[in-house]
Structure formats: structure tokens, C-alpha cells
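Scope of the values below: all heavy atoms of this structure, side chains included, with no hydrogens, waters or symmetry mates. Atoms within a ligand are numbered from 1 in the order they appear, just like the ligands themselves.
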Amino acid sequence: MSQRTLTILKPDSVAAGKAGAILAHLEREGFRIAGVKKIRLAPEQARAFYAVHRERSFFGGLVRFMTEGPVIVAALERADAVPHLRTTMGATDSQKAEAGTVRNLYGTDIERNAIHGSDSPENAAKEIAFFFAEAELI
Ligand code: IDP
Ligand code: MG
């Protein structure tokens with residue numbers, strides 16, 4: 001059964017001109033792009049998106065990073081999209097991400113790690129609705 005997940009190509013990826021390469025990597029992994037847009041997150045939006053981390057010491061830095069420049073958000077579809085995207089991304093810390101993963105190839109460290117991916121089907125549905133109306137997904 002096909003599943004949807006949300007990805008964000010973070011400001012580091014977009015600024016480095018790697019958005020196309022990362023989307024191509026995801027398509028090679030069998031993800032279909034159901035919806036995509038380039039936006040600049042407002043601080044309030046970044047705080048809301050990462051609200052689960054608001055008590056963490058890295059929250060302020062994360063919000064600053066996510067709002068420093070434009071991002072590309074995309075709703076992706078394939079079988080087991082949520083776990084498969086997490087595997088394709090690699091570990092949170094780019095320095096520890098497995099060889100050939102998006103974070104290993106394009107990330108820098110534990111904060112500037114190139115890409116976001118939803119961590120559960122429930123959060124994927126919420127995160128997709130955060131950025132897309134159902135009519136924008138094809
Ligand atoms: P994930 O993106 O692999 O799901 P989370 O733990 O959900 O990782 O953290 C969300 C984002 O917050 C990470 O992708 C990264 O950009 C940032 N982050 C996580 N842990 C740290 C940290 O210890 N220091 C700085 N930034 C962090
Ligand atoms: Mg997470």
C-alpha cells in the first residue's frame with residue numbers, strides 16, 4: 001500500500017544548489033512527488049512545525065537555521081514511504097549518517113543536516129496538512 005510522507009529540503013541544501021540533486025536522489029529511491037513548493041518559513045511557522053522540540057536546548061538554533069533562507073517542501077508517495085525516507089536520509093547527525101545517504105552526501109553536522117522526513121505515518125499526515133491543501137496533492 002502506498003503511503004505519504006513529508007520532506008523538507010532545508011535551507012543549507014537549497015542555498016548550496018543541491019535541491020534538484022536531492023529530489024533526483026529521492027525519485028531514484030522510488031518516491032513520487034505528489035506536491036512540491038518553495039517557501040521561506042516564518043519564525044512562527046518554524047516554531048510551530050518543530051513544537052515537539054520546544055524545550056530542547058537546540059530549539060532556538062534550529063528555528064534560526066530553518067528560517068535563514070528558502071526551503072523546498074514536498075509530499076512524497078511510495079510503499080512504506082515513512083520508514084524508507086528515514087533510511088534514505090540517514091542518521092540525524094550528518095557526521096554519523098551512513099555512506100550514500102542524503103545527510104551523508106549533503107549534510108554538515110547534527111543541525112545543518114540537509115533534509116527533514118516525518119517520523120511516523122500520523123506525523124506525516126499532520127506535517128503534509130501543515131503545508132498542503134489536499135487539492136494541491138496529485
Ligand atoms: P530528525 O530530523 O532526524 O527527525 P530530530 O531529533 O527530530 O531529528 O530533530 C529535528 C532537527 O533538529 C534535526 O533534524 C536537526 O536539524 C536539529 N537537531 C536535532 N538534534 C540536535 C542537536 O543536538 N543539536 C543541534 N540541532 C539538532
Ligand atoms: Mg524528527
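Scanning the protein heavy atoms around atom 15 (C) of ligand 1, the nearest turns out to be I110 O, 3.2 Å. Distance from atom 7 (O) of ligand 1 to its nearest protein heavy atom, with residue and atom name: H53 NE2, 2.9 Å. Regarding atom 4 (O) of ligand 1, its nearest protein heavy-atom neighbour is R86 NH1, 2.9 Å. Considering only non-hydrogen protein atoms, atom 25 (C) of ligand 1 sits nearest to F58 CB, 3.4 Å.
If you look at H116 next to ligand 1, there are no close heavy atoms at all, none under 4.0 Å. Looking at M66 against ligand 1, nothing comes within 4.0 Å, counting heavy atoms.
Any N or O atom pair closer than 3.5 Å counts here, and K10 shares at least one such pair with ligand 1. Of the polar atoms of E111, at least one N or O is found under 3.5 Å from an N or O of ligand 1, judged by distance alone.
Remark: K10 is not positioned above the aromatic ring of F65, lacking an NZ or CZ atom under 6.0 angstrom from the ring centre and at most 45 degrees off the axis. Remark: R54 fails to qualify as a cation-pi partner of F59 under the 6.0 Å distance and 45° angle criteria applied to the six-membered ring.
M89 does not count as a contact of ligand 1, since none of its heavy atoms falls under 4.0 Å from the ligand.
Contact between V36 and I33 at its shortest, heavy atoms only, is CB-CG2, 3.8 Å. Considering all non-hydrogen atoms of both residues, F132 and E136 come closest at CA-OE1, 3.4 Å.
Ring geometry for F130 versus F49: interplanar angle over 60°, hence perpendicular rather than tilted (30 to 60°). Using bins of under 30°, 30° to 60° and over 60° for the plane-to-plane angle, the ring pair F58/H53 lands in the tilted bin. By the 30° and 60° cut-offs, the orientation of the rings of F31 relative to H84 is tilted.
Each of the following atoms of ligand 1 lies closer than 4.0 Å to a heavy atom of R103: 1 (P), 2 (O), 3 (O), 14 (O). Of all atoms in ligand 1, listed by their number and element, those nearer than 4.0 Å to a heavy atom of N113 are 13 (C), 14 (O), 15 (C), 16 (O).
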- Message: Go through it in stages, so that I can follow the logic: the residues are E111 and R56, the test is salt bridge (charged side-chain N to carboxylate O under 4.0 Å, His left out), and I'd like the CA-CA distance, side-chain angles, deciding distance and then a yes or no.
- Response: CA-CA 13 Å; E111 177 181 81; R56 309 292 293 277; over 6 Å; no
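When the heavy-atom distances from atom 3 (O) of ligand 1 to N123, L62, T92, V52 are ranked, the shortest goes to T92.
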